[in-house]
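Working notes for the structure below.
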Amino acid sequence: MSRSAPIAAFAIAALFGCNAAAQVPSPEDQLPNWALKKWLAVAKIEGLRISTRVDPFARRGDFDGDGRSDVALLVARRSTGKEGIAILLRRDGPPIVVGAGKPFGNGGDDFSWLDFWRVGDRDALRRGGYAPSVRLKADGLVVAKESSASALVYLHRGRPIWQQQGD
């Protein structure tokens, strides 16, 4: 082995990092400061952790219609592993947790079935499979199991609503 090979290997390791996993920020490090503060409070009180099982583990949207971005996180209860969603609202008030051991709509108390989610835009007309159509006054969340059921989760007067979209 030539004398320059170890130097080249060191240079490559320094450039790209010896441990790529150490360079990936934690989920908490990826939250804006206001959301991190709210997250740490609800995580402690409710015994939750962020679940990174689904990518992305966080979604941004204006879920309460106040014109400012809020954050929704995929979470799991530490004691049971049951998954759900925590909606961190930018305005004052506690985060809203659905699932994660708390029954919610047809999603039940464990959203481990969820393998896809996205933001449903404000003003979109959402036709429910079994419920009347709704025009969103704020962003909502479409939660789904690929090639199976989906639902719309949205806030109405500060309360979470489940609207089944299909089976």
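Keep in mind that this is a model prediction, so the values were computed, not measured. Positions are given from 1, in the same order as the sequence printed here.
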Measuring only between side-chain heavy atoms, which start at C-beta, is [X] closer than 4.5 Å to [Y]?
| X | Y | value |
| --- | --- | --- |
| Tyr154 | Ile87 | no |
| Trp162 | Val98 | no |
| Glu46 | Lys102 | yes |
| Val153 | Trp117 | no |
| Asp109 | Thr80 | no |
| Leu73 | Leu48 | no |

Examine [X] and [Y] and state if one hydrophobic cluster contains both, with Ile, Leu, Val, Met, Phe, Trp and Tyr joined whenever side-chain heavy atoms are less than 4.5 Å apart.
| X | Y | answer |
| --- | --- | --- |
| Leu40 | Leu88 | yes |
| Phe63 | Ile96 | yes |
| Val54 | Trp113 | yes |
| Leu74 | Ile50 | no |
| Leu89 | Val97 | no |

Exactly one of Asp110, Val75, Leu114 should register a side-chain contact (heavy atoms from CB on, under 4.5 Å) with Glu83. Which one does? Asp110

Option among Asp64, Asp66, Asp62 that satisfies the salt bridge (Lys or Arg N to Asp or Glu O under 4.0 Å) test with Arg91: Asp64

Please check this pair: side chain of [X] against backbone of [Y], looking for a donor-acceptor N/O pair closer than 3.5 Å.
| X | Y | result |
| --- | --- | --- |
| Gln30 | Pro25 | yes |
| Arg122 | Lys137 | yes |
| Arg49 | Arg78 | no |
| Asp139 | Val119 | no |

Atom CG of residue position Asp29 - does it have more than 12 heavy atoms of other residues, nucleotides or ligands inside 6.0 Å?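 Enclosed.
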
Just to verify, what does Pro32 make a side chain to side chain contact (heavy atoms under 4.5 Å, CB included) with, not counting sequence neighbours? Trp34, Ala35, Arg60, Val71

